[in-house]
Protein chains: 2
Amino acid sequence: MKTRSTNPPGRIKIMKALSTLMEKKDFDSITTSEIASEAGVTEGLIYKYFKDKKDLLYKLLEDHFQLFQKKIDASISGKTNAIEKLEVIINTSLESWTKSKVFAKILLLEVRSYPDYYKSRAYELIKVYAKTVATIIKQGVATGDIKKDTDHQTLTKIILGAIEHACLGDIIFERDIDIDHISKNICKTIFKGIQP
Amino acid sequence: MKTRSTNPPGRIKIMKALSTLMEKKDFDSITTSEIASEAGVTEGLIYKYFKDKKDLLYKLLEDHFQLFQKKIDASISGKTNAIEKLEVIINTSLESWTKSKVFAKILLLEVRSYPDYYKSRAYELIKVYAKTVATIIKQGVATGDIKKDTDHQTLTKIILGAIEHACLGDIIFERDIDIDHISKNICKTIFKGIQP
DNA sequence: AATAGTGAGTAAGGTTTACTTACCAAACAA
DNA sequence: TTGTTTGGTAAGTAAACCTTACTCACTATT
């Protein structure tokens, strides 16, 4: 049995088209007819492959995130120390998000306001990412790499929040940031604290 | 000269109506006719007072944020130590944002994806808030309340990011959080660090 | 006291946009 | 040959956002 193509050319072109358009505009002001004409297909085809306009966005995010998660997994695979792991996660995340602004825009600005996003596969993947961080912290506390009295839930939020917020300004205003500088400073602050 | 009312009843009712509707639904799925009927006015009146549907959202955020900024200013007015100031800002922010979910939803989920938000008065106010935090940190570094080698820009992002991320889950899934627990742990982590 | 002007609001479209439904054509299996 | 699945088109629909033309009450001025 020849495995029937689950990803026909039209479908690929549609996703690529939205990705291209998102580089210049926000999701809300991109129309379906615009997506279709950019992809070189008709509007109706979008609805053959995607439930609605938002579903298309979730699928695009899913694709991007799959690659991202692989990078994350690869980056921590060699390390054993929890602090080291967190360091590379922070660095890899910042790098990926600033390199692919469209991906970051979808993740940080667009999907969150849509309730059905939280039922999507894309959101399931993001939970895996958050859990990766949380697990490293828990284990770090257990092994003593991290202070014993650390609340792992709060620390997870601080780290994820810091990464996001560091990217936000640069996504919105399309500036370029010094990833190494920022990730080093995030690590220094969180690891060593700021009180003299 | 009698000061002519700059805020007529219809305008107030429209803003109140959106606020009420936002408690149950997201902005995107609230229609203008729904807002009008909730307010007891006609659809056309919305466009007498607001440029478009989004402008109404920005004005609502502006109102909420004005009150918020007052609380923040009041909370730091007594303190002199930078660490103490940051502590109350974290606590007050978490408290305000979790108490008024609609406000937090607009601020953290809705407006950010709209480019013209960054030209609104609401956004100007948010910049003042961020600047408040940044200034406290700068002064703290100068006076020695905070470690000399601290990068104030990064620390600002960590703190704002931590506050936001701590609220996010609770806004989205409408859980209630233990503000004191979280704000204490955010402070402990950032101030003292996590390395043993 | 008549007139002109303004602020608050309505009513009824117009336009755009997301989505649907019916149809077409080629490849391929029976 | 004929039926079925797959990839794609074309035209239409309902509704959402927004506009335009109008009304009515009140105030200021001459």
Side-chain angles (χ1 to χ4, degrees), chain A residues 1-22 24-61 106 110-111 113-117 119-120, chain B residues 1-22 24-61 106 110-111 113-117 119-120:
Chain A
M1 181 182 79
K2 202 163 79 185
T3 69
R4 71 166 168 291
S5 156
T6 175
N7 215 4
R11 201 190 118 105
I12 295 167
K13 282 193 282 181
I14 289 164
M15 292 185 72
K16 182 88 190 152
L18 176 60
S19 189
T20 305
L21 291 168
M22 290 273 301
K24 309 242 165 191
K25 303 174 74 175
D26 63 316
F27 182 66
D28 212 56
S29 60
I30 295 169
T31 67
T32 47
S33 85
E34 218 175 333
I35 296 168
S37 90
E38 171 77 32
V41 298
T42 57
E43 235 179 303
L45 195 63
I46 295 171
Y47 296 90
K48 272 275 147 80
Y49 298 123
F50 306 97
K51 201 180 130 276
D52 53 27
K53 199 185 150 198
K54 285 174 188 171
D55 184 47
L56 165 58
L57 186 68
Y58 306 149
K59 293 284 155 61
L60 191 59
L61 177 60
I106 299 174
E110 305 284 357
V111 293
S113 56
Y114 304 133
D116 52 348
Y117 157 65
K119 292 170 197 156
S120 74
Chain B
M1 181 182 78
K2 206 165 76 183
T3 69
R4 70 165 169 292
S5 155
T6 176
N7 215 3
R11 201 189 120 106
I12 295 166
K13 280 192 282 180
I14 289 165
M15 292 185 73
K16 182 87 189 155
L18 176 59
S19 188
T20 305
L21 291 168
M22 291 273 299
K24 310 242 165 191
K25 303 175 74 174
D26 63 316
F27 181 66
D28 212 56
S29 59
I30 295 169
T31 67
T32 46
S33 84
E34 218 174 334
I35 297 169
S37 90
E38 171 76 30
V41 300
T42 58
E43 233 178 304
L45 193 62
I46 295 172
Y47 296 90
K48 273 276 146 80
Y49 298 125
F50 308 96
K51 200 179 132 276
D52 53 27
K53 198 186 150 197
K54 283 173 188 172
D55 183 47
L56 165 58
L57 187 68
Y58 307 149
K59 293 285 154 60
L60 191 59
L61 178 60
I106 299 174
E110 305 284 357
V111 293
S113 55
Y114 305 132
D116 52 347
Y117 157 65
K119 293 171 196 152
S120 74

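All chains are named by letter (A, B, ...) in the order of the sequence lines, taking the proteins before the strands, and each is independently numbered beginning at 1.
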Check: Just checking B:I30: base, sugar-phosphate only, or nothing, at a heavy-atom cut-off of under 4.0 Å?
Finding: sugar-phosphate

Item checked: Nearest-nucleotide pick for A:V41, side chain only, options being C:dA18, D:dA21, D:dT9 -> D:dT9

Check: Can you tell me how far P of D:dA16 sits from CZ of B:F27, to the nearest Å?
Finding: 14 Å

Next item on the list: To the nearest Å, give me how far apart CG (B:D28) and P (C:dT17) are.
Entry: 15 Å

Next item on the list: Can you figure out which of C:dA11, C:dT20, D:dG8 approaches the side chain of B:T42 most closely?
Entry: C:dA11

Margin query: Nearest whole Å is fine: how far is D:dC18 P from B:K51 NZ?
Written below: 8 Å

Next item on the list: Flag the pair B:Y49 / B:M15 as yes when at least one side-chain heavy-atom distance between them is below 4.5 Å, and no otherwise.
Entry: no

Next item on the list: Using atom NZ of A:K48 as one end and atom P of C:dC23 as the other, report the distance to the nearest whole Å.
Entry: 13 Å

Margin query: Please confirm whether the shortest side-chain N or O distance from B:Y49 to OP1 or OP2 of C:dG9 is below 4.0 Å.
Written below: yes

Next item on the list: Examine C:dA18: is either OP1 or OP2 under 4.0 Å from a nitrogen or oxygen in the side chain of A:K53? Give yes or no.
Entry: yes

Next item on the list: Kindly indicate whether the side chain of A:L60, heavy atoms from C-beta on, has any atom under 4.5 Å from the side chain of A:S19.
Entry: yes

Check: B:D55 CG to D:dC17 C1': how many Å, rounded?
Finding: 14 Å

Item checked: Between D:dT9 (C1') and A:I14 (CD1): distance, integer Å -> 12 Å

Check: Quick one: which of D:dA16, C:dA18, D:dA21 gets closest to the side chain of B:T31?
Finding: D:dA16

Notebook entry, point to check: Does a side-chain N or O from A:Y47 land closer than 4.0 Å to OP1 or OP2 of C:dC19, or not?
Noted result: yes

Item checked: Atom pair NZ/NZ of A:K59 and A:K51 - distance to nearest 0.5 Å -> 9.0 Å

Item checked: Over 12 non-hydrogen atoms of neighbours within 6.0 angstrom of NZ in B:K25 -> yes

Notebook entry, point to check: Taking CG from A:D52 and P from D:dA14, how many angstroms apart are they, rounded to a whole number?
Noted result: 20 Å

Notebook entry, point to check: Could a donor-acceptor pair under 3.5 angstrom be found where the side chain of B:E43 meets the base of D:dC17?
Noted result: no

Notebook entry, point to check: Given D:dC18, D:dG8, C:dA8, which nucleotide is nearest the side-chain atoms of A:P8?
Noted result: D:dG8

Item checked: Residue A:T32, side-chain atoms from C-beta onward, closest of C:dA18, C:dC19, D:dA10 -> C:dA18

Margin query: Measure CD/B:E34 against C1'/D:dA15 and give the value in whole Å, please.
Written below: 13 Å

Item checked: Quiz item: cation-pi between A:K119 and A:Y58, 6.0 Å / 45° -> no

